[in-house]
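Each chain gets a letter, A, B and so on, in the order its sequence line appears, and its residues count up from 1. Please read all numbers here as calculations on a predicted model, not as lab measurements.
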Amino acid sequence: MGVRVIMINPQIEIQLIAIIVSVACVIPGVFLILRRMSMMSDAISHTILLGIVLAFFATHDLTSPLLIVGAALMGTLTVYLVEVMHNTKLISEDSSIGLIFPFLFSIGVILISIYAGNVHLDTDAVLLGEIAFAPFNRFVVRGKDIGPKALYVMGSILLLNIIYLFLFYKELKLTTFDEKLAAVLGFSPIFIHYSLMSMVSITAVGAFDSVGSILVIAFMAGPSASAYLITDDLKRMILLSIVIGILSAISGYWLSVLFDVSIAGSMAGMVGLIFFIVFIFVPDRGLLSIIKRRKKQKYKFANISFLMHIMNHENTDMEKSESSIDTIHNHLQWDRKFLNEILSLSIENKYIFVNENGIIKVTKEGKKFAGTNYCELVKRI
Amino acid sequence: MDNISVKVHDLTVAYNKKPVLWDIDLEIPSGILMAVVGPNGAGKTTLIKAMLNLIKPLTGRALFWGEPYENNRKRIGYVPQRGSVDWDFPTSVLDVVTMGTYGKLGWFKRPGKKEKERAVEALNKVDMVSYANRQISQLSGGQQQRVFLARALVQDADLYFMDEPFQGVDAKTEKAIVKLLEELKKMGKTVLVVHHDLQTVTEYFDWVTLLNTVLIDYGPIHEVFTEENLKKTYRSTIDSFYKNNGKVI
C-alpha cells in the first residue's frame with residue numbers, strides 16, 4: 001500500500017493556512033496595540049531565530065518541538081532584556097528594542113552562516129517565508145497524508161491563542177487598562193505580561209516557518225490598529241481585527257495570483273492598504289473627518305471674529321473704513337478669496353447685510369450667533 | 001485589633017540614592033476620613049503605593065488589621081490618579097466600574113449579572129448612571145474621577161485609598177466626592193485621601209497626615225492642622241537643606 005494522497009487544491013490550502021496564521025497573530029496583536037508595544041512583535045519575531053538555532057544545535061532535529069520551546073524562551077528573554085535596559089532610565093523603550101533585537105538576531109544569523117550552512121535554515125526564508133511551498137510539506141500519519149504540516153502547527157497555535165484569550169480575557173483587559181489596580185486586586189501584571197509575550201513568541205515561531213516574519217509583524221499590528229480606529233469596544237475590536245486579518249489574507253492571496261508576485265508580500269501589503277483606507281476614511285477619527293472638522297471650526301471662528309469686528313466698530317467714526325465692503329480686508333488682513341467666502345457665508349445665514357453706503361451691518365440673527373458662540377468659547381477657556 | 005486599620009512601621013522608600021519617604025510611623029484608626037497633605041514631591045502618592053505593595057520599600061512595612069496586605073486584599077479599595085490610565089482604551093463606563101468586582105471574583109471567573117447590577121448601583125451613587133454605556137473616551141475629567149470612585153465603591157472595601165480625587169475636577173464632582181466621603185464615614189469605613197487644597201482640609205476631613213519626606217505630624221485636625229505644623233511641612237527643601245548642613249549653599 002503506497003502513500004494515499006488526499007488531493008486538496010493547494011490554492012485552498014494556502015489560503016487556509018494564511019487565514020489561520022492571520023487569526024493566530026491578531027489575537028495577541030490586539031493587546032500589543034492597546035499596550036503600545038507593537039514594536040515588540042517586530043523584535044520577538046526576529047530574535048526567535050536565535051532560539052531556534054540554539055535549540056537546533058541541542059537537538060539536531062529541525063522538526064523537534066523543542067525548537068518552539070527554544071524560540072519562546074528567546075522571545076521572553078528579549079522582552080526581559082529590553083525591560084532591564086529601559087528600567088535603568090538611561091535608554092528609552094524603543095531604543096532598547098532597537099539595541100537588543102539586532103544584537104540577538106545577528107548572533108542567530110552568524111551562527112546559521114557558520115554552522116548550519118547546509119541545513120534548511122536560511123535567513124531569507126525566515127524574513128520572507130514562502131507560504132507557496134507550505135502545501136508541499138505534508139503531515140503523514142501511518143502512511144496517510146492528512147494535509148500540509150503548517151496547517152496543523154498553526155492550527156494548534158491558533159487553538160492555544162483562543163484558549164489563552166478565553167481563560168485570561170478579564171485579566172488581560174484589567175492589566176492592560178489599569179496595571180496598578182490589577183496589582184492591588186491580586187492579579188499579577190507581570191504574569192499576564194510575560195504570558196502574553198510568550199504567546200507572541202510561540203505564534204511568531206509557528207508562523208515563521210510557513211509565512212515568514214514580515215507577515216507575522218503585519219498581522220500582529222495592522223488589523224488591530226485598523227480596528228482600534230473603528231470601534232470603541234474591546235470585544236468588537238478583537239472580532240473586527242480577525243475579520244480584517246482574514247480579509248487581508250484572502251485578498252492578498254488573489255492579488256499575488258493576479259500579478260504573479262510574492263504571496264506574503266501582497267498579504268502584508270493588503271494589511272497596510274486596509275489600514276490606510278481606514279485611517280483616512282473612518283468617520284470621526286479618520287484623517288478626512290479631522291481635516292473637515294478643523295476647516296469647519298476655522299470658518300466658524302473666522303465668521304464669529306468677522307461679526308465681532310463689525311459690531312465693535314458699529315456707529316463709530318471709523319466705521320466707514322473699518323467695516324466698508326471695499327476696505328475691510330485691510331483691517332482683517334485676510335486675502336480676498338477667504339474674505340469673500342466668509343462674506344457669502346454670512347449673507348447666506350442672514351447674519352449681515354450691506355447698506356447703501358457699502359458698509360457692512362450685522363443683523364439681529366448675526367448678533368445672536370456671535371454672542372452665544374463667543375460666550376461658549378470664553379467659557380471653554 | 002480592629003480599632004486600628006493600618007499600622008505603618010519604619011517605612012522608608014528610596015529611588016536610587018534619594019529617599020522619598022523617610023522612616024514613617026503611622027497609625028490610622030478605623031472610621032476616620034484622613035487627608036494626606038504635603039508639597040509636591042513630598043511622597044504622598046509613594047506612601048500609598050508603598051503601603052499597597054506597588055513599590056517595594058527599603059525598610060519597614062504596613063500592616064492592615066495586624067496582618068500583611070496580601071491577607072486583606074479584599075477589604076482594601078484603591079482609587080489611582082485619574083491620569084495613570086489610558087482613557088482611549090476601548091471600553092464602556094459600566095465595564096470599567098465592573099472591574100472593581102474582579103478582586104472578589106478572582107482568576108478565571110467572569111463578571112455576571114450580579115456584578116453588573118452592583119456596578120450600576122455604584123454609578124448611581126456618583127450620579128453617573130446615565131453614562132453607563134458611554135465610551136470612556138467621551139468623559140470629562142470630573143466624570144472620569146466619578147467613574148473611578150464608583151469602581152472603588154464596587155470593591156465594597158473597609159478601607160479606601162484615594163490618590164488626588166479632587167485634582168482638577170468640576171464643582172459638581174467635588175460635591176459628589178464630599179458626599180460620598182461622608183457616606184463612607186457613616187458606614188464606618190476608613191478613607192485615606194491624598195489632598196492638595198489646604199483650604200478645604202478642615203471642611204472635608206477629620207484627621208490629617210502632614211508629610212514632607214519625613215512625617216511632620218498626624219492626628220485629629222484640630223490638634224495637628226496648626227500654622228506651625230504647616231510651616232514645617234511647606235518650608236522649601238533648599239531651606240531645610242541649608243539648616244541641616246549648617247552652611248550656606
Heavy-atom distances under 4.5 Å only: say whether A:Arg36 touches chain B with side chain, backbone, both or neither. side chain
Between B:Val79, B:Ile76, B:Asp95, the one whose heavy-atom pairs under 4.5 Å with chain A are most numerous: B:Asp95
Using non-hydrogen atoms and a 4.5 Å limit, figure out which bit of B:Val96 sits close to chain A: side chain, backbone, both or neither. side chain
Report which part of A:Ile33 has an atom under 4.5 Å of a heavy atom belonging to chain B: side chain, backbone, both, or neither. neither
The test is side chain to side chain donor-acceptor pair (under 3.5 Å); show your working for A:Thr203 and A:Asn161 and say whether it passes. CA-CA 8 Å; A:Thr203 310; A:Asn161 270 309; 3.0 Å; yes
Which bit of B:Lys49 comes within less than 4.5 Å of chain A, counting heavy atoms only: side chain, backbone, both or neither? side chain
Picking from A:Tyr228, A:Tyr169, A:Phe168, A:Phe187, which has the most non-hydrogen pairs under 4.5 angstrom with chain B? A:Phe187
Face-on cation placement of B:Arg151 at B:Phe148 ring, 6.0 Å and 45° thresholds: yes
Side chain, backbone, both or neither: which part of B:Glu70 has a heavy atom under 4.5 Å from chain A? neither
In plain terms, say whether B:Arg75 and B:Asp156 are close enough for a salt bridge, that is, a side-chain N and a carboxylate O under 4.0 Å apart. no
Is there a side-chain contact between A:Asp178 and B:Pro80 (heavy atoms, below 4.5 Å)? yes
Contact origin within B:Phe161 toward chain A - heavy atom pairs under 4.5 Å: neither
Can you tell me how far the CD atom of B:Glu115 sits from the CE atom of B:Met99, to the nearest 0.5 Å? 14.0 Å
Counting heavy-atom pairs under 4.5 Å with chain A, the top scorer among B:Asn53, B:Asp88, B:Thr98 is B:Asp88
Given that the side chain runs from C-beta out, which part of A:Lys235 has a heavy atom under 4.5 Å from chain B: side chain, backbone, both or neither? neither
If you draw the axis of the six-membered ring of B:Tyr102, does the NZ or CZ of A:Lys170 fall within 45° of it and under 6.0 Å from the ring centre? yes
Counting only heavy atoms not in B:Lys74 (residues, nucleotides, ligands), do more than 12 fall under 6.0 Å from its NZ? no
